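Beneath this line is the structure, given in structure tokens, with notes to follow.
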Protein chains: 2
Amino acid sequence: MHRPTLADVALEAGVSRALVSIVMRDVPGASDETRARVKAIAERLGYVPDQRARQLRQSSSRLLGVTFDLHQPFHGDLVEHLYTAAAEHGYDVAISAVAPSRDEPEALRALQRERCEAVVLLGSALDDAALSAGARAMPLLVVARRSGLDAVPSVRSDDRAGVGLAVDHLVSLGHRAIVHVDGGTAPGADDRRAGFRAAVERHGLGEARIVPGGSTETAGADAAEALLREGLPTAIVAFNDHGASGVLDVLVRGRHDVPGEVSVVGYDDSRLAVARQTQLTTVSQSAGDLARAAVDGVLALLDGRRPDDVVLTPELVVRQTTGPT
Amino acid sequence: MHRPTLADVALEAGVSRALVSIVMRDVPGASDETRARVKAIAERLGYVPDQRARQLRQSSSRLLGVTFDLHQPFHGDLVEHLYTAAAEHGYDVAISAVAPSRDEPEALRALQRERCEAVVLLGSALDDAALSAGARAMPLLVVARRSGLDAVPSVRSDDRAGVGLAVDHLVSLGHRAIVHVDGGTAPGADDRRAGFRAAVERHGLGEARIVPGGSTETAGADAAEALLREGLPTAIVAFNDHGASGVLDVLVRGRHDVPGEVSVVGYDDSRLAVARQTQLTTVSQSAGDLARAAVDGVLALLDGRRPDDVVLTPELVVRQTTGPT
DNA sequence: ACGTTCTACTAGAACGTTCTAGTTCCTCCT
DNA sequence: AGGAGGAACTAGAACGTTCTAGTAGAACGT
């Protein structure tokens, strides 16, 4: 008992396989009458076209690969929008997860075997060598990080400007003792650190105070504990929402009033920021815009053009973790 | 400029395509000498076998489909373990995401087109009709929920017992005023509610107090605010870690001591519970065990057997949100 | 009546693999 | 000397589609 094929439907309907193919794809070349008849028979037999055979035959697979981090909520948002953005251009999406037990090269290789036409890497940690090796096999585009390579365009939001927005907001509320809990080696961390330095200098706040952090809640919590020991500022700009969440936990459990005593700003506007009762003030990178730009970018690549790097302007979303000093 | 194929490698090496195929699959039938030579040439040309053509030819695709919720951290854990569990049996995994803009039937159809041999549905919300319709097309197995259908086995942990563990723990700490913030219509919510009722009765705590909640942090937070108005118990058992997290936020921000004044227990032992500074006491369903059982189950299905429903026993993980009353 | 153009359809090749059924050629046994 | 058996290799079909190049017949204009 195997799945019915085109041939089964054709036999049953008394027509050629080609005609069934025409009907199933809804392309011109069949009368309305046979169209209805064939469709009914296909339905009755439970026929579902075989994507593999289809793509084998067609030169283009119209399949876009996406690698993402299973445990990064913002990647979830991006993936969701990539599905719809790709569908708008008639592309299917194959996703391949990156996790502690499954590294990026492995995820990339899986997509390559699937014959994706191009791959979008979300927040990739691959170095230039690995990236250019991958780009030799298929068009690659990175999202939410820079690319040093000419062959690999990137779509990201302006991290320096984003952190600048956060600092501007805090300064306008009267804060002058502002600390950045950085992202360590995470993609984008360098830019955000630089953006923080630039903003602090722009406002003449003296030496920029930066403490080592990371992209997880524990990293944020550890940094907050260090700050408690060394002396709290009046405002903290975290590397991302995860980190801000860790910072918040430590502060609130330590009976510090947020935002009365300390203001906290996150980054990403992930579900974490929205859904949490925390109501985190954060910098929003529109997942929808990033996804659309990424899809446009890979389509340009497939078209043989080298798209410009896209740098979107982030927005500040003020919620309830920031207030006047 | 297209990807090199078997034929290209064969031509370059001066052998037949069949021989190259033999070499690439590492099956017996080629001398060590040609094996090395062909592999070198394949490497040089950048040849990567075409998974689609391969699976088209072979009767079995050795491909397992998995649908999961992009925004559910516990699903991330499960997917990660499914990758490795499937690999142990020589199976590849194709994942298909469910999200607000992409419903379950859509995700399932994508996997069907990919010709997966069977599909594992994580925490599916499909009703019996949809489930049995899907099961007619390919073997299906649900994880983390019950299945009413004979055709669809299920792998889950014992939700009633899990909530029982949580209540036992709280009672042993001296609590008698315990509230359950339930999961509404989420998969498994009924069992957990029933488990709470049973445990409360077993300990003779009087009428079970249950307030409506849900599977998100906001739902948990809303429920906590209702509790603040109506009168706090000494302990709260949440539907899952997400919900517990929302409850915690409201409590801590309202200057209530956890666990001094109120104890809180979550469910799932997701990264949320571990990584958060919260150090949530929670009930752990081992993602690894669930994943392995799920893979064993679908393989049995493919073998023509109907595997027994698997109900794993959950474990209580005591961290720092529960204490003596 | 004759071409032209359109519609509805079909035969058969092609996509990149793997499988089946060989064919050589060498070695070993009696 | 005459197989038997095995190792190394190959030709060609097969998987389920879509594509190309066609055919038959109707409709239309002149």
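Heavy-atom basis, side chains included; hydrogens, waters and symmetry copies ignored. All figures in this text were calculated on a predicted structure; none of them were measured in a lab. Letters go in sequence order (proteins before strands), and every chain restarts at 1.
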> Under 6.0 Å from the CG atom of B/D103, do we count more than 12 heavy atoms belonging to anything else shown?
Replying inline: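 Counting other residues, nucleotides and ligands, CG of B/D103 exceeds 12 neighbours.
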Under 4.0 Å between a side-chain N or O of [X] and OP1 or OP2 of [N]?
X	N	answer
B/S31	D/dC9	yes
B/S16	D/dT10	yes
B/T34	D/dC9	yes

Whole-Å gap separating [atom2] ([N]) and [atom1] ([X]):
X	N	atom1	atom2	value
B/I22	C/dC19	CD1	C1'	10 Å
B/L56	C/dC15	CG	C1'	9 Å
A/D32	C/dC9	CG	C1'	15 Å
A/L6	D/dT18	CG	C1'	9 Å
B/Q51	D/dG16	CD	C1'	17 Å
A/R35	C/dT7	CZ	C1'	12 Å
A/R113	C/dG16	CZ	C1'	16 Å
B/Q55	C/dG16	CD	C1'	13 Å

Presence of salt bridge, [Y] and [X], under 4.0 angstrom:
X	Y	value
A/E114	A/R52	yes
B/R306	B/D309	yes
B/E12	B/R44	yes
B/R146	B/D191	yes

> Taking atom CG of B/L312 and atom CZ of B/R156, what is their separation to the nearest 0.5 Å?
Replying inline: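 The CG atom of B/L312 sits 10.0 Å away from the CZ atom of B/R156.
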Look for any protein N or O under 3.5 Å of an N or O in nucleotides 22-25 of chain D and output each such pair with its distance, or none.
none

Mind checking [X] for me? I need base, sugar-phosphate or nothing, with any heavy atom below 4.0 Å counting as a touch.
X	value
A/S21	base
A/A18	base
B/R25	sugar-phosphate

>> So does B/S21 get a backbone contact from the side chain of B/R25, meaning a donor-acceptor N/O pair under 3.5 Å?
In response: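 Present.
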> When you measure from the side chain of B/R62 to the backbone N and O of B/Q55, does any donor-acceptor pair fall under 3.5 Å?
Replying inline: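 Side chain of B/R62 to backbone of B/Q55: no pair is present.
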Side chain of [X], heavy atoms from C-beta onward: which of [options] has the nearest atom to it?
X	options	value
A/L19	C/dT10, D/dT18, D/dT10	C/dT10
A/R57	D/dT10, D/dT18, D/dC9	D/dT18
B/D50	C/dT17, D/dA11, D/dT18	C/dT17
A/R17	C/dG12, C/dC9, D/dC19	C/dG12

> What does C/dC29 pair with, Watson-Crick or G-U, if both distances are under 3.5 Å?
Replying inline: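 The base-pairing partner of C/dC29, which may sit in any strand shown, is D/dG2.
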> Is there a Watson-Crick or G-U wobble partner for D/dG29 with both distances under 3.5 Å, and which nucleotide is it?
Replying inline: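 Paired with C/dC2.
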>> Judged by each residue's nearest nucleotide on DNA chain D, which is more toward the 5′ side, B/G14 or A/R54?
In response: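 It is B/G14 whose nearest nucleotide is closer to the 5' end.
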